[in-house]
Amino acid sequence: MRLSVVAERMRAQQPLVFCLTNVVVSNFTANVLLAAGAAPAMTNLPGEAREFAKVASAVLVNLGTPTTEQMHAMEQAVVGANEANTPWILDPVAVGALGERTDFARSLLPARPTLIRGNASEILALAGFESAGRGVDSTDSVTAAMHAGTDLARRYGSVVAISGPADAIIDADRTTLVHTDGLALTKVTGGGCALGAFTAAMVAAGDEVFEAAVSAHAWYGLAAERAWSRSRGPGSFAVNFLDELGEVTPSDIDSVRHEKH
C-alpha cells in the first residue's frame, strides 16, 4: 500500500469538509484542515445541513458538545450525504459515558457511516460491549477494542479507526496497525476530533476508504511526532503541529510503519 497516493490527491483536490463538530474544537479542526490542504466548513444550521452535505466532499458528525438543534442538523446531513453518495464520518465522542449521546450515536448507525473514528472505549461502547471510558478519555486498549471494531464494520459496512499508541484501521476482513508516536495529541484540546475531519478529507480524495484511513493516520501521527520533538510544551506543540501537517511530504508518509494484524 502506497500511503502517499491519497495524500497527493488530497492536496491536489482540496476537498471541502462539512464539519458538524463540537464548540471546543471547531477552530483547531478548521486550522488542521487548512494546514493539510483541505477546506473546512463549520456550520450547524438544520435548515441547510441536508443541502450542504450534498455539495460537500465529505461530512463529519462529531458528538462532542451536542445540542438538540445540532443533532437535528446531523440527522439531516446524514440523509443528504447518503442521497448524494457523500462519504460521512461518525466520531462518537464520549459515547458510553453519557446515555443520551450514546443512544443518538447508535441511532445513526443504520445509515451506515463511511467511517467510524474513536478511541477504544468509545468504539467498545458504540458496538454495545462493556467499556471503561471516562468522558472523552479512553481507559481501554486498542487491542481490547478490535473485536468491537470488526463487529461494527461487519454490521454496517463501515471502516473503523481506533486511536491509540498504535492506531487500528479495521474493515470487515482486515486490520492494519499504524505505528507513530503521536501521543502528544492528547495534550491539546481537539487532537482526536480534528483527526476525524482530517480523515474525512482523505476519504474524500481516496479511491478506497480503508487505504485512505491508513494514510490519514500515518500522516497525522507523523506530524504530531515531529512537532513534539521540537516543542517546549503543549502550547508550542499545537502551533508546531499545524506547521508539520503542511510540511510532511508524500514520501515521508510512505516511510511510516504500518502492518497487517
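Since the structure is predicted, the reported quantities are computational estimates derived from the model, not experimental observations. No hydrogens, no waters, no symmetry mates; every other heavy atom, side chains included, goes into these values.
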Salt bridge (Lys or Arg N to Asp or Glu O under 4.0 Å) partners of residues 72-84, not counting sequence neighbours, each pair once:
Arg50-Glu83, Lys54-Glu83

Test question: given the 4.5 Å side-chain rule for I, L, V, M, F, W and Y, name all other residues clustered with Leu183, or answer none.
none

Euclidean distance, Ile89 CD1 relative to Ile116 CD1, rounded to 0.5 Å
10.5 Å

Does a side-chain heavy-atom distance below 4.5 Å link Cys193 with Val93?
yes

Between Ser141 and Thr143, do the side chains contain a donor N or O and an acceptor N or O under 3.5 Å apart?
no

How would you list all residue pairs meeting salt bridge (Lys or Arg N to Asp or Glu O under 4.0 Å) that involve residues 186-197, not counting sequence neighbours?
none

Name the residue from Val160, Leu60, Leu109, Val78 that meets the side chain to side chain contact (heavy atoms under 4.5 Å, CB included) definition with Leu90.
Leu109

Indicate yes or no: at least one non-hydrogen side-chain atom of Val159 is less than 4.5 angstrom from one of Thr114.
no

Using the side chain to side chain contact (heavy atoms under 4.5 Å, CB included) rule, take Phe237 and Leu185 through it: C-alpha gap first, then chi angles, then the decisive distance, then the call.
CA-CA 9 Å; Phe237 168 74; Leu185 289 162; 4.0 Å; yes

Roughly how far, to the nearest 0.5 Å, is CD of Glu69 from CE of Met74?
11.5 Å

So salt bridge (Lys or Arg N to Asp or Glu O under 4.0 Å) across residues 150-159, not counting sequence neighbours, yields Asp151-Arg155

Verdict with supporting geometry, Leu126 and Arg106, side chain to side chain contact (heavy atoms under 4.5 Å, CB included)
CA-CA 7 Å; Leu126 186 65; Arg106 289 175 178 164; 4.1 Å; yes

Looking at residues at least two apart in the chain, or sitting in another chain, which of them share a ring-ring contact (aromatic ring centres under 6.0 Å, His included) with His261?
none

Nearest heavy-atom approach of Ile162 to Ala145 is CD1-O, 3.6 Å

Looking only at heavy atoms, the pair that brings Ala49 and Gln76 closest together is CB-CB, 4.2 Å

Interatomic distance, Trp219 atom CH2 to Leu195 atom CG [nearest 0.5 angstrom]:
12.5 Å

Under the 3.5 angstrom rule, does the side chain of Glu208 hit a backbone N or O of Phe210 as a donor-acceptor pair?
yes

Evaluate Asp252 against Arg226 for side chain to side chain contact (heavy atoms under 4.5 Å, CB included), listing each step before the verdict.
CA-CA 11 Å; Asp252 292 335; Arg226 291 183 172 182; 3.1 Å; yes

ILVMFWY cluster, Met10 and Val178 together (side-chain gap under 4.5 Å):
yes

Take Ser158 and Leu152 through the test side chain to side chain contact (heavy atoms under 4.5 Å, CB included) and record every step on the way to the result.
CA-CA 7 Å; Ser158 308; Leu152 288 169; 6.0 Å; no

Please say which of Val203, Thr86, Leu16 ends up in a side chain to side chain contact (heavy atoms under 4.5 Å, CB included) with Ser57.
Leu16

Pairwise distance CG(Leu242) to CG(Leu34) - rounded to 0.5 angstrom:
9.5 Å

OG1 of Thr65 to CD of Gln70: how many Å apart, nearest 0.5 Å?
5.5 Å

Any chance CD of Glu100 has more than 12 other-residue heavy atoms, nucleotides or ligands included, within less than 6.0 Å?
no

Under 4.0 Å between a Lys/Arg side-chain N and an Asp/Glu carboxylate O for Arg230 and Glu244?
yes

Residues Val32 and Ala194: closest non-hydrogen pair is CG2-CB, 3.8 Å

Between the side chain of Glu122 and the main-chain N/O of Ala94, is any donor-acceptor distance below 3.5 Å?
yes

Do Met146 and Tyr156 belong to the same hydrophobic cluster, where Ile, Leu, Val, Met, Phe, Trp and Tyr are linked whenever their side-chain heavy atoms lie under 4.5 Å apart, directly or via other members?
yes

Enter the distance from Ser215:OG to Ile253:CD1 here, rounded to the nearest 0.5 Å.
5.0 Å

I'd like to check the side-chain hydrogen bond (donor to acceptor under 3.5 Å, both in side chains) partners of Thr43; sequence neighbours left out, ordered by chain and number.
Glu48

What one should report as the nearest heavy-atom pair of Leu124 and Ala144 is CD2-O, 3.8 Å

Which hydrophobic side chains are connected to Leu33, either touching it within the sub-4.5 Å cutoff or through other members that do?
Val17

Applied to residues 162-173, the side-chain hydrogen bond (donor to acceptor under 3.5 Å, both in side chains) test, sequence neighbours excluded, yields Arg117-Ser163, Asp171-Arg174

Got a sec, which residues hit side-chain hydrogen bond (donor to acceptor under 3.5 Å, both in side chains) with Asp207, two or more places apart in sequence or on another chain?
Arg9

What are the two closest non-hydrogen atoms of Thr180 and Leu222, and how far apart are they?
CG2-N, 3.8 Å

Please report the closest heavy-atom contact between Ala197 and Thr29, naming both atoms and the distance.
CB-CG2, 3.4 Å

Can you list every ring-ring contact (aromatic ring centres under 6.0 Å, His included) pair that touches residues 163-186, not counting sequence neighbours?
none

ring-ring contact (aromatic ring centres under 6.0 Å, His included): pairs with one or both residues in residues 87-117, sequence neighbours excluded
none

Is it possible for you to say whether Leu45 and Met42 belong to one hydrophobic cluster, with membership spreading through side-chain heavy-atom contacts below 4.5 Å?
no

Anything under 30° is parallel, anything over 60° is perpendicular, the rest tilted; go ahead and classify Tyr220 against Phe241.
perpendicular

With hydrophobic residues grouped by side-chain heavy-atom distances under 4.5 Å, do Phe198 and Trp228 end up in a single group?
yes

Pairs touching residues 31-76 that satisfy ring-ring contact (aromatic ring centres under 6.0 Å, His included), sequence neighbours left out
Phe18-Phe52

